[in-house]
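Working notes for the structure below.
Heavy atoms only: backbone and side chains are in, while hydrogens, waters and symmetry mates are out. Note on naming: letters A, B, ... go to the chains in the order of the sequence lines (proteins, then strands), and numbering restarts at 1 for each one.
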There are 2 protein chains.
Amino acid sequence: MSLPHAILTALLEKPSSGLELTRRFDKSIAYFWPSTHQQIYRELGKLEAEGFIRALPSAQPARGQKKSYEVLPAGREELARWTAAPQDPKPLRDAMLLRMRAAAVVGTAGLAADMRRHLELHEGQLAVYQEIEKRDFPPGRDTPQDRLRHMVLRAGIDLETFWAQWLAEALKNIPDFEPDGPES
Amino acid sequence: MSLPHAILTALLEKPSSGLELTRRFDKSIAYFWPSTHQQIYRELGKLEAEGFIRALPSAQPARGQKKSYEVLPAGREELARWTAAPQDPKPLRDAMLLRMRAAAVVGTAGLAADMRRHLELHEGQLAVYQEIEKRDFPPGRDTPQDRLRHMVLRAGIDLETFWAQWLAEALKNIPDFEPDGPES
DNA sequence: CACCTTTTTGCAACTAGTTGCATAAGGGTG
DNA sequence: CACCCTTATGCAACTAGTTGCAAAAAGGTG
């Protein structure tokens with residue numbers, strides 16, 4: 001139940017059409033809440049039906065024609081409500097950990113190679129985030145809004161750093177063994 | 001596409017009925033791959049139909065009657081294949097980060113309280129994991145299987161530590177401000 | 001202007017996970 | 001043995017996200 005609120009946030013930052021929204025998403029919000037244009041169009045329709053946003057009157061609603069949306073007061077209130085409401089953190093669900101656990105039973109053949117690949121992917125993502133940090137958060141400017149957005153980015157940076165370190169450490173310790181299976 | 005493989009792993013560790021499986025899941029695998037008994041029964045049916053597991057002949061298949069499963073060779077091979085096959089890490093998707101980003105637009109009222117609650121939840125989960133570590137991985141025993149399972153647990157411990165620290169740090173820096181809304 | 005490509009919007013079907021409930025058997029209690 | 005509670009299995013409907021594709025308009029090219 002979070003995508004609609006992600007869209008409200010983005011539209012409050014700047015009214016946009018579906019496609020503009022998709023592109024802006026890809027450059028920021030999608031880093032911690034990925035979504036596709038199909039999903040976004042669907043949600044825009046629902047949000048409009050619920051009276052949270054409305055199409056800017058400028059363009060008429062036809063296929064292949066840009067249609068921009070802006071947030072209505074009810075939408076802003078809903079976003080504020082949702083932001084402040086308690087929500088339980090969703091539990092961890094990570095396939096790599098599952099594979100390591102499986103490897104304890106069926107052997108580690110092949111797994112280490114993919115761990116090395118993941119390590120590189122995380123380091124790559126880390127570099128992307130650090131580039132964004134350098135560009136968007138130079139030392140100096142420090143509005144409350146900047147600080148909040150910077151904290152979110154820091155979480156991304158620190159998480160990628162975490163996984164890179166964990167994978168590097170795990171790779172050092174990974175034993176290469178065959179399963180004690182029925183074939184022995 | 002990972003639950004069936006989680007089940008195969010658990011069944012290889014020990015053949016079980018649906019309910020036993022559910023309980024054993026809750027004590028270990030569910031920490032990084034949560035699931036419900038409904039899901040597990042459904043997957044057991046599919047795995048049996050695919051020839052990866054079979055019901056132990058001891059008990060007849062009737063409702064309200066225990067039915068235990070064991071893994072067939074084809075199931076072990078499928079698990080080994082899946083474990084070794086490359087798989088992309090799934091991107092981050094975290095509602096708390098989204099809420100912080102939203103708070104930059106609609107204000108931080110109420111959010112800090114829930115961040116404090118999350119901080120406590122993460123600390124609680126950390127304590128649970130540390131208890132498990134003390135119980136299941138005393139210094140000394142060090143088979144390859146133990147080391148892999150211990151690494152998985154360490155990831156859980158380190159992740160909870162990470163979030164607790166991040167939340168504590170964010171709380172120190174969170175500005176308390178009202179939105180620059182249409183009411184001003 | 002006829003044709004093709006790109007942009008923008010969107011539908012439909014599928015997948016994985018969640019929630020709510022049902023039904024059958026076993027086991028104890030009056 | 002009639003009743004009820006617990007254990008074990010499972011179906012059905014719903015939710016959120018993914019994948020594949022298509023159709024309308026805009027804009028360029030011969």
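Atom P of nucleotide D:dT19 and atom CD of A:Q39 are separated by 11 Å, given to the nearest angstrom. Regarding A:F25, its CZ atom lies at a distance of 16 Å from the C1' atom of D:dT18, rounded to whole Å. For the pair B:L21 CG and D:dG10 P, the computed distance is 13 Å after rounding to whole Å. Between the NZ atom of B:K90 and the P atom of C:dA16 there is a distance of 14 Å, rounded to whole Å. As a whole-Å value, the separation of B:H5 NE2 from C:dA16 C1' is 14 Å. The nearest whole Å value for the distance from the CD1 atom in A:I40 to the P atom in D:dT18 is 11 Å. The CG atom of B:L92 sits 16 Å away from the C1' atom of D:dG17 (whole-angstrom rounding). Taking atom CG of residue B:L47 and atom P of nucleotide C:dA16, one finds them 12 Å apart after rounding to whole Å.
Using a 4.0 Å heavy-atom criterion, one finds that A:S17 contacts the sugar-phosphate atoms exclusively.
Among the nucleotides C:dG17, D:dC21, C:dT19, the one closest to the side chain of A:Q38 is D:dC21. Out of D:dT19, D:dG10, C:dG17, the shortest distance to the side chain of B:K67 is found at D:dG10. In this structure, the nucleotide among C:dT18, C:dG17, D:dA8 sitting nearest to the side chain of B:Y41 is D:dA8. Nearest nucleotide to the side chain of B:R93, out of D:dA8, D:dG17, C:dT18: D:dG17. When distances are taken from the side chain of A:L19 to each of C:dG17, C:dT9, C:dA16, the shortest belongs to C:dT9.
In this pair, B:H122 and B:W163 present their aromatic rings parallel. The plane angle is below 30°, not in the 30 to 60° band. Using bins of under 30°, 30° to 60° and over 60° for the plane-to-plane angle, the ring pair B:F162/A:F162 lands in the tilted bin.
No side-chain N or O of B:H118 forms a donor-acceptor pair with one of A:Q87 less than 3.5 Å apart. Defined by atom type and a distance below 3.5 Å, a donor-acceptor pair is present between the side-chain atoms of A:E133 and A:H150.
Heavy-atom nearest nucleotides on DNA chain D were determined for B:R42 and for B:E20, and the one closer to the 5' end corresponds to B:E20. Take the nearest nucleotide of DNA chain D for A:H37 and for A:L3: the residue whose nucleotide is more 5' is A:L3.
No option in B:E78, B:R81, B:E43 other than B:E78 meets the side-chain hydrogen bond (donor to acceptor under 3.5 Å, both in side chains) test with B:H5.
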